[in-house]
Amino acid sequence: MQTPVSNSKFVGSRVPFLFLNNKKSPDRRITSISTSCVCSIWNNYHYKRRTRMATDNKLRHVTSILELPSGAEQNSALHAVILGEALASEENDLVFPSDEFARQAHVSSPQQYLEMYKRSVEDPAGFWSDIASQFYWKKKWDQPACFENFDFRKGNISIQVFLFRLYHLYLHLFTFFYTHTHTHTHTNTYLYVPCGISKFEYFHGYLKPRLNWFKGGLTNICYNCLDRNIESGNADKIAIYWEGNDPGFEDSLTFSQLLDRVCQLSNYLKDVGVKKGDAVVIYLPMLMELPIAMLACARIGAVHSVVFAGFSSESLAQRIVDCKPKVVITCNAVKRGAKAIHLKDIVDAALAESAKNGISVDVCLTYENQTALKREGTKWQEGRDVWWQDFVPKYPTTCEVEWVDAEDPLFLLYTSGSTGKPKGVLHTTGGYMVYSATTFKYAFDYKPSDVYWCTADCGWITGHSYVTYGPMLNGASVVVFEGTPTYPDAGRCWDIVDKFKVTIFYTAPTLHVTRYSRKSLRVLGSVGEPINPSAWRWFFNVVGDSRCPISDTWWQTETGGFMITPLPGAWPQKPGSATFPFFGVQPVIVDEKGVEIEGECNGYLCIKSSWPGAFRTLYEDHERYETTYFKPFAGYYFTGDGCRRDKDGYHWLTGRVDDVINVSGHRIGTAEVESALVSHPKCAEAAVVGVEHEVKGQGIYAFVTLAEGEPYSEELRKSLILTVRKQIGAFAAPDKIHWAPGLPKTRSGKIMRRILRKIASKQLDELGDTSTLAEPQVVEQLIELADC
């Protein structure tokens, strides 16, 4: 029997992902690891061999977290790095949490993770009920927390269909026919909507089966974000630090002050006729009034639909026509960098277009953003337009809470596809509340002393889950930034980090770092595109000074929260890997026939079984919901993403499967080619799309952003292509390298590949809406460089 290494202080505190006996060529870099770390790894490894946990089908792909990486004892290239002790520089790096970080983490070891994960998949109702009980419920759910159906062959997709709601529908209809109550006709059916029921309740609750968590429980997410935190002693804690577009403009609100502002707006909305279940469209930049508006809607049970304040009037009108809001909330203008954008003009055009389609909005509540435009320069429609500052502050600072069922709608968020009608993703209250709060707490290892900043806009799901709801449910202090990361210079973000002493920074890792300390940072998060290993190492080495773990998260608008993500302190990270599933999430990789693939593999990423944050339907298009997400692979939720699982069970996202390029019969993931390009020392970023090719069917077209100061040259173009040939193969060599000063991205870091495809195909008259881009001028620059 192996004798444990004697250093009791570190026994069991570190993951055994390290080779110790390399008979061929001991790696001298191992000296960078402390003796205590080696003792810990050695003891954990042998402890695991003696006390292996019993596994079943649900755990087979996560128990590898307790094992030595496959082939590690023979692989001298495996390089172990400790946070704060060494730089990550090798392709096969394993980055460990430091002893100090792991000891203080919410999940401090793989054993602890596995125990929690095991319960979350074997007893999901019990696991999530225990977590949900930490929040305030006016009335607890009176039935099992969850019951599900993910297989469309067994009926409509749902987690539970409640016949008693159909019974209530019958009673309402009976009352209507005998009392001639005023009703509204639902345009998609031949039934009548009973009086007093909103269209959201009618559609979501009466006609369609849906996913259900904590059904029957009564709660309110605004109450849990604000009142609960105030009652626990956080009234004077800063809830929001606000930084304006121009340096020197800043503000803050405590939780108590934030509640006052929310209640005033809630009272105003009620006064103009907004009721539970009514829709409110919010078209605001990142002012404090944006999260205030979201919380105010939630407080009274209204359904908010935030539209990114960069969408065109046509896009905004499309969303207004679809959800038929009672009120639109906007501001007169916003400055993005040095440019002023007149948002009110965009709203006016959208409302005019909506009226042509039969949808009129009676109230347009407009906030005067004086740093961008004075009210005297704002176009105005009397009788409809209302200045926020003239009315809202006059209302009381207390507002009664509307207690809603856990399955009542919370918000509607439209995802813009490359073609066709945007999808109205509908999230409900209880499950989303529990899931967004829990993922925030564990994925960022949140502590009450942290100052948190996510650079995403609330117009995207990231801003919902990880700017407003997730952080505030945990009582976090949040930074909200109105401007752009490069104005007035490329160091703006780091100036803000230093000013507010940000400790958790969640962003797209493509920012410049100059002359700033960033010493307050302790956890980094990566959002947007799947991060490649080179970008990961830059984020780790440069931004985090090799001391901050990175939560390289994978999730979707539809999932409501993180699905596959590292837990800082729990296990070592591999640069570029999203690592392991969050609690309750059961990812599987299937082949083209929908058959699960075991062990090391590459295929389609699916999820089996439900999780609390899952969206419930696509608004007024449940058929599309089933067809898009559940019919491709029966019995699973299909993510639309490709994924590779390595020998050690780590997950690597390879991009959207519709981003797979078929070159002469070879299926090549765009993310794979992008990672190869970015591994070139002179390449800062790359995006790859497919274009038609006369011989190969499809060709590979690569947009490449070079490292700062690197000139374009034919030699460099050839060198980039050669790099791809060496790493992947000749079949994956790009047919075209398109020099790109920047890539068209949303403010949340998502590359707009639709635009890149149109540029690559020379379909410039079909570029469509580019107003959502963080830097719209990038498109013109790319067009100018098309023939270079």
Side-chain angles (χ1 to χ4, degrees), residues 10-17 37 40-41 43-44 47-48 51 53 55 58-59 61-67 82-83 94-124 126-128 130-132 134 434-450 452 466 470-471 473-474 476 503-504 506 522-526 547-555 561-574 577-587 611-613 648-651:
F10 295 99
V11 170
S13 65
R14 190 65 62 80
V15 191
F17 278 53
C37 173
S40 170
I41 293 170
N43 288 337
N44 263 349
Y47 173 79
K48 181 262 163 190
T51 60
M53 294 183 65
T55 64
K58 294 179 179 179
L59 301 176
H61 295 312
V62 296
T63 51
S64 60
I65 198 172
L66 293 175
E67 299 177 1
I82 305 298
L83 289 178
L94 284 168
V95 181
F96 289 77
S98 65
D99 289 315
E100 181 182 3
F101 193 103
R103 279 196 299 269
Q104 298 176 15
H106 291 305
V107 180
S108 59
S109 70
Q111 290 90 347
Q112 182 185 354
Y113 162 77
L114 195 56
E115 289 170 4
M116 295 176 70
Y117 182 81
K118 185 175 190 293
R119 188 188 175 209
S120 75
V121 296
E122 292 182 347
D123 179 23
F127 178 86
W128 290 110
D130 286 350
I131 293 177
Q134 299 169 19
V434 172
Y435 198 72
S436 62
T438 308
T439 49
F440 174 82
K441 173 183 175 180
Y442 286 103
F444 294 121
D445 191 50
Y446 169 74
K447 304 295 195 304
S449 58
D450 281 318
Y452 167 81
Y466 301 114
L473 286 164
N474 282 277
T503 57
I504 303 174
Y506 186 35
R522 71 175 193 89
V523 176
L524 298 172
S526 168
R547 57 182 173 75
C548 300
I550 298 174
S551 286
D552 186 4
T553 60
W554 173 82
W555 61 302
F562 303 144
M563 299 291 279
I564 304 177
T565 178
L567 300 184
W571 58 73
Q573 296 181 252
K574 294 186 179 184
S577 171
T579 70
F580 292 94
F582 192 71
F583 304 125
V585 177
Q586 298 182 52
W611 63 98
D648 307 313
Y650 284 67
H651 294 79

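Values reported hereafter were calculated over all heavy atoms of this structure, with side chains retained and with hydrogens, waters and symmetry mates removed.
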I'd like to check the ring pair (Phe, Tyr, Trp, His ring centres under 6.0 Å) partners of Phe583; sequence neighbours left out, ordered by chain and number.
Tyr113, Phe127, Tyr442
Mind checking ring pair (Phe, Tyr, Trp, His ring centres under 6.0 Å) for Trp554 and listing every partner two or more places apart, or none if nothing turns up?
none
Is the ring pair Tyr435/Trp128 parallel, tilted or perpendicular, if the boundaries are 30 and 60 degrees?
tilted
Do the non-hydrogen side-chain atoms of [X] and [Y] ever get within less than 4.5 Å of each other?
X      : Y      : answer
Ser551 : Pro568 : yes
Pro587 : Pro581 : yes
Arg547 : Ser98  : no
Met563 : Phe582 : no
Asp450 : Arg522 : yes

Search all heavy atoms of [X] against all heavy atoms of [Y] and return the closest pair with its distance.
X      : Y      : value
Asn474 : Ala437 : ND2-O, 3.0 Å
Pro471 : Tyr452 : CG-CE2, 3.6 Å
Ala105 : Gly569 : CB-CA, 4.1 Å
Thr439 : Ser436 : OG1-O, 3.1 Å
Ser120 : Tyr117 : OG-O, 2.7 Å
Lys441 : His106 : O-CD2, 3.5 Å

Please name the residue in the list Asp552, Asp648, Val95 that meets the side chain to side chain contact (heavy atoms under 4.5 Å, CB included) test with Lys574.
Asp648
Listed partners of [X] passing side chain to side chain contact (heavy atoms under 4.5 Å, CB included), at least two apart:
X      : result
Gln104 : Glu100
Pro566 : Trp571, Gln573, Thr579
Ala132 : Trp137, Trp141, Phe214, Val434

Looking at [atom1] of [X] and [atom2] of [Y], how far apart are the two atoms once the value is rounded to the nearest 0.5 Å?
X      : Y      : atom1 : atom2 : result
Met116 : Ile131 : CE    : CD1   : 6.0 Å
Asp99  : Ser108 : CG    : OG    : 11.0 Å
Leu524 : Thr503 : CG    : OG1   : 10.5 Å
Asp445 : Ile504 : CG    : CD1   : 7.5 Å

Polar side-chain atom of Ser577 near backbone of His651 as donor-acceptor pair, under 3.5 Å:
yes
By salt bridge (charged side-chain N to carboxylate O under 4.0 Å, His left out) - contacts of Arg119 (at least two apart)
Asp123, Asp130
Would the Tyr466 and Phe562 ring centres measure less than 6.0 Å apart?
yes
For this output row, return yes or no: ring centroids of Tyr506 and Phe444 closer than 6.0 angstrom.
yes
